[in-house]
Amino acid sequence: MSGRILLSAATESAADRLCATARPVAGGTDLLVHGLDAAPVNLVDLSRLAGRRRPVSRLPNGSIRVSATAPLSVITSADVPVPAALADAIAEFASPQIRNRATIGGNIANGSPAADLVPPLVVCDAIVGVRGSGGRRDVPIGDLLVGPGRTTLAPGEWIEYVDLAPVHHSGFRKLGYRRALAIAVVSLAWSWTRPGSGPELADVRLAAGAVAPTVVRCTRAEAALRSLRPDDVGAAARAIQDDITPIDDLRASAHYRAGALAGLVCELPMVAAHRGGKTERL
Amino acid sequence: MNVNGTAVTGYDAGARLLDVIREHLGLRGTKEGCGVGECGSCTVLLDGEPVCSCLVLAGQAEGREVTTVEGLASCPAGARLREQLVDHQALQCGYCIPGVMVSATAHLSRTEEVTEESVRTAISGNLCRCTGYTKLVSAVLTAASDTGAHS
């Protein structure tokens, strides 16, 4: 016998109570990768909570509420669409088998700087619904991210949902070694509005993955990207270098990451044109 | 949980579903490859959806339907796919095949328009180091045309 105790949370309030003394697990696709022996002895299964709520719903203020305990494949097949950036990231996330288990809450809590779902959440100004036996709090996604594998989640807290601001245009691209099951070498999510019919942009938000200790909002590049004209795009590609602090690791050098991210910025006009509104779900 | 339609009890809820299937139930068709969700050899259906059984705790499958490669024999799409894999000589060492069969059968069972791209996406979580995938994809597409799902 494993000696492990897996308690199933049938309701949200039961999860609050059980998480006070045991570690929450939903899809388990990060927890079990580190090996069963490394997993905590006492676990609370949150995966059965997903069926109690709609995976995606529209709030009265126009935000989109996405379940943090529902499998990713359930989220993209829901009747309410999620912003294109998140849909793009889910489509490229790991593999079909992993998408049938993995959750947004797990991707946030795992705290990886290369987490695929976090850059889209950042450019959609995500508010994360956190709860536990100590109560509930709504936290801007940026305030949860501290460093590799570290978040500001307190012991006993778990993530119930994320609320995404409605965005007009958004997307996500990832560079990896292959299309499936690739951890990002560099990733970039964006959102903006188009005030006129020209190349001008407003409300630009950019977030990059795998180029800093956490997923980072790239405010200098945002300020430079006033339009999709080549001079503004070039300025943004230069400015983003001051938003990031990449390192060398087994997947790429810091130098490669910096150049590759500049390349993703330079390709934004092409990618935005190619979409032609087809995948702009909001 | 039900495994291939049979109720199963007395398993360790804190063990991996993969170990319950192979050791507790003795169903050795499901293979362990990497054990970390990268290779797809251990793919089974959980309520009809392909999952890596190395990344599911047995207790998470309680009250749910698990289908292993052995359980595909009674499913028409699974039986057709097995024939086509043989006809196309689509396996060499065979270690990945149970996982490929589970992923591909799930795809055939629920997809109206099966295309090469959709097949490649459906089996993108299953590593095969022998075939280069060409014959695997051909076998799945032929099985789909037999069912009328191939566009």
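Letters go in sequence order (proteins before strands), and every chain restarts at 1.
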* Non-hydrogen atoms of chain A under 4.5 Å away: do they reach the side chain of B/Ala122, the backbone, both or neither? -> backbone
* **Heavy-atom side-chain proximity of B/Leu57 to A/Leu36 below 4.5 angstrom** => yes
* Flag the pair B/Pro50 / A/Asn100 as yes when at least one side-chain heavy-atom distance between them is below 4.5 Å, and no otherwise. => yes
* What part of B/Val102 is in contact with chain A, defined as an atom under 4.5 angstrom from a non-hydrogen atom: side chain, backbone, both or neither? -> neither
* Asked: For B/Gln60 and A/Arg48, which heavy atoms make the closest approach, and how far apart are they?
  -> O-NH2, 3.1 Å
* To do: Identify which part of B/Cys54 has an atom lying under 4.5 Å from any heavy atom of chain A, answering side chain, backbone, both or neither.
  => backbone
* To do: Tell me, for A/Ile98 versus chain B, whether the close heavy atoms (under 4.5 Å) come from the side chain, the backbone, both or neither.
  => side chain
* Non-hydrogen atoms of chain B under 4.5 Å away: do they reach the side chain of A/Leu6, the backbone, both or neither? -> side chain
* Please look at A/Ser8 and chain B and tell me whether the side chain, the backbone, both or neither of the residue comes under 4.5 angstrom of a heavy atom of that chain. => neither
* To do: May I ask you to name which of B/Leu46, B/Val56, B/Ile123, B/Asp19 has the most heavy-atom pairs under 4.5 Å with chain A?
  => B/Val56
* Contact class of A/Leu43 relative to chain B, heavy atoms under 4.5 angstrom -> side chain
* **Heavy atoms from other residues, nucleotides or ligands near OH of A/Tyr256 exceed 12 (cutoff 6.0 Å)** => no
* To do: Could you tell me whether A/Arg23 atom CZ has more than 12 heavy atoms of other residues or ligands within 6.0 Å of it?
  => no
* Which portion of B/Ser124 sits near chain A, non-hydrogen atoms under 4.5 angstrom -> both
* Is the side chain of A/Gln97 donor-acceptor paired with the backbone N or O of B/Glu38 at a distance under 3.5 Å, no angle test? -> no
* To the nearest 0.5 Å, how far apart are CZ in A/Arg4 and CZ in B/Arg16? -> 10.5 Å
* Does B/Arg110 CZ have over 12 foreign heavy atoms under 6.0 Å away? -> yes
* Contact origin within B/Arg64 toward chain A - heavy atom pairs under 4.5 Å -> side chain
* To do: Give, as side chain, backbone, both or neither, the part of A/Ala26 having an atom under 4.5 angstrom from any heavy atom of chain B.
  => backbone
